[in-house]
Amino acid sequence: MMQSYKYAVLGNPIEHSLSPVLHEAGYRAIGLDASYERIKVTKETLPATVQNLVEQKFNGWNVTYPLKGEIIQYLDEIDPRARLLGAVNTVKVSGKRLLGYNTDGPGLIRGLTSQGFSTKDKKVTIFGAGGAAKAVALALAETGAKVTVINRSFEKAQNLVELLLAQGYEAATLAIGQTTGNRLLTQCLAGTDIVVQATSVGLEKEKYPYPLHGLRAGTVAIDLIYNPPKTDFMIKSHLQGCEVLNGLSMLLYQGVLAWEIWLDACAPVSEMKTALYQSSIP
Ligand code: NDP
């Protein structure tokens, strides 16, 4: 009898997760007998949920907000990138062992390269120093990008830069003060090849808090937010002549990479992409 595979995404809130759409499209494309479900899980219900998933012979699951750090204590092995980030978004069940990975940062890189953008030796400015910023900063540095981190809480930006420097990568931060801040930021953006918007500002359609007039034409500006599909950051970057992307391709490729970890095979990217992009049209 053909084996059937079981996958899921755990988080809270989880109702709006697009992960089932992209994974199920992949299963259909290759005729794989597999399911992928959304499961609402809190920190409190996580241990029982993990036990259930193992008992029900799930093959793996994705982990999203607010459980990416929390899940680590229930795993047997963590890959070095996820360990460094303190965050896992993909769990693979291998025999009796639970293995943890983080595909968020590599998802951004694969999204950029699939659209013809190289990150090697590029100057990259990242706004934000939360979980997503950390994941993309590490992945960008790994590809040879020189990263500058700007964050509202300066100390968090410094911590992220220290993490990158400790790995031997080139990284810096910028103190955006009341008097000198705008000038420093304008200079920084003028020398930037790629700017990554990794704060949560824009999720509620807010105005972008940082001045972007330093951005020059041709710079690639990517917002990790994909819902709404166009943010104030994207609109302002476009007005500066930037090539503008939202976070949908990162979402696609973090899923593609999870698929490839689970099934040890290339994912049917074009079918997964079509399904995801269609379902995300407002
Ligand atoms: P975190 O809560 O970990 O970090 C939020 C970041 O936003 C912090 O750096 C915070 O700064 C900053 N921030 C929040 N409000 C403001 C404000 N008013 N002004 C300036 N900075 C602000 O969130 P995540 O890192 O997990 O997620 C960030 C974004 O990335 C979200 O929008 C999420 O949707 C998106 N994302 C997209 C993914 C994709 O696949 N496309 C994957 C993961 C995330 P401070 O440190 O000072 O609080």
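Counting starts at 1 for both ligands and their atoms, following the listed order.
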(request) Name the closest protein heavy atom to atom 14 (C) of ligand 1, giving the residue it belongs to and the distance to 0.1 Å. (result) Ser200 OG, 3.4 Å
(request) Give the atoms of ligand 1, by number and element, whose distance to some non-hydrogen atom of Val201 is under 4.0 Å. (result) 15 (N), 16 (C), 17 (C), 18 (N), 19 (N), 22 (C)
(request) Compare Pro66, Ala132, Gly111 and give the one whose heavy atom is closest to atom 27 (O) of ligand 1. (result) Ala132
(request) Please state which part of Tyr226 comes within less than 4.0 Å of ligand 1, counting heavy atoms only: side chain, backbone, both or neither. (result) side chain
(message) Can you tell me how far apart NE2 (His238) and NZ (Lys230) are? Round to the nearest 0.5 Å.
(response) 6.5 Å
(request) For ligand 1, note which part of Arg152 has a heavy atom under 4.0 Å away: side chain, backbone, both or neither. (result) both
(message) Among all the protein's non-hydrogen atoms, which is closest to atom 29 (C) of ligand 1, and how far away is it?
(response) Thr199 O, 3.5 Å
(message) Tell me the closest heavy-atom pair linking Ala275 and Val21, and the distance in Å.
(response) O-CG1, 3.5 Å
(message) Determine whether any protein heavy atom is located less than 4.0 Å from atom 23 (O) of ligand 1.
(response) no
(request) Considering non-hydrogen atoms only, spot the tightest contact between Asn102 and Gly105 and give its length. (result) OD1-N, 4.2 Å
(request) Determine, using ring centers only, whether Tyr27 and Tyr5 are less than 6.0 Å apart. (result) no
(request) Run through Leu245, Val147, Leu140, Leu112 and flag the one making a side-chain contact (heavy atoms from CB on, under 4.5 Å) with Val196. (result) Leu140
(message) What verdict does the side chain to side chain contact (heavy atoms under 4.5 Å, CB included) test give for Leu224 and Leu108, after you've listed the backbone C-alpha separation in whole Å, the side-chain angles of each residue and the deciding distance to 0.1 Å?
(response) CA-CA 9 Å; Leu224 301 193; Leu108 174 84; 3.9 Å; yes
(message) Checking contacts now, so for atom 47 (O) of ligand 1, which I'm interested in, is there any protein heavy atom under 4.0 Å?
(response) yes
(message) As an exercise, identify every atom of ligand 1 less than 4.0 angstrom from a heavy atom of Gly128.
(response) 9 (O)
(message) Heavy atom to atom 1 (P) of ligand 1, shortest distance: which of Gly130, Gly255, Ala198, Gly105 holds it?
(response) Gly130
(request) Go through ligand 1 atom by atom and flag the ones less than 4.0 Å from a non-hydrogen atom of Leu251. (result) 40 (O)
(request) Look up atom CG in Leu67 and atom CG in Asn89, then write down how far apart they are to the nearest 0.5 Å. (result) 12.0 Å
(message) Considering non-hydrogen atoms of the protein only, which is the closest contact for atom 32 (O) of ligand 1, and what is the distance?
(response) Ile225 CG1, 3.2 Å
(request) Using distance alone, determine whether Lys156 and ligand 1 share an N or O pair under 3.5 Å. (result) yes
(request) Scan Asp79, Asn62, Asp104 and name whichever one has a side-chain hydrogen bond (donor to acceptor under 3.5 Å, both in side chains) with Thr90. (result) Asn62
(request) Look at the rings of His23 and Tyr36 and say which category their plane angle falls in: under 30° parallel, 30 to 60° tilted, over 60° perpendicular. (result) parallel
(message) Suppose we measure from atom 37 (C) of ligand 1 to each protein heavy atom; which comes out shortest, and what is that distance?
(response) Leu224 O, 3.2 Å
(message) Within the 4.0 Å heavy-atom shell around Pro209, which atoms of ligand 1 are there?
(response) 19 (N)
(request) If you have a sec, work out which protein heavy atom is nearest atom 3 (O) of ligand 1 and how many Å separate them, to one decimal? (result) Gly131 N, 3.1 Å
(message) If you take the nearest heavy atom of each of Asn89, Asn151, Asp223, Leu203, which one is closest to atom 10 (C) of ligand 1?
(response) Asn151
(message) Is there a side chain to side chain contact (heavy atoms under 4.5 Å, CB included) between Arg216 and Asp193? Walk through the geometry before answering.
(response) CA-CA 9 Å; Arg216 56 185 160 81; Asp193 302 303; 3.5 Å; yes
(request) Specify the protein heavy atom at minimum distance from atom 42 (C) of ligand 1: its residue, its atom name, and the distance to 0.1 Å. (result) Met250 CE, 3.8 Å
(request) Any chance you could lay out the side chain to side chain contact (heavy atoms under 4.5 Å, CB included) test for Leu252 and Met272, step after step, and finish with the verdict? (result) CA-CA 8 Å; Leu252 168 67; Met272 291 167 83; 4.1 Å; yes
(message) Between Glu271 and Arg28, does any side-chain N to carboxylate O distance fall below 4.0 Å?
(response) no
(request) Provide, to 0.1 Å, the distance between atom 45 (P) of ligand 1 and the closest protein heavy atom, together with that atom's residue and name. (result) Ser153 OG, 3.3 Å
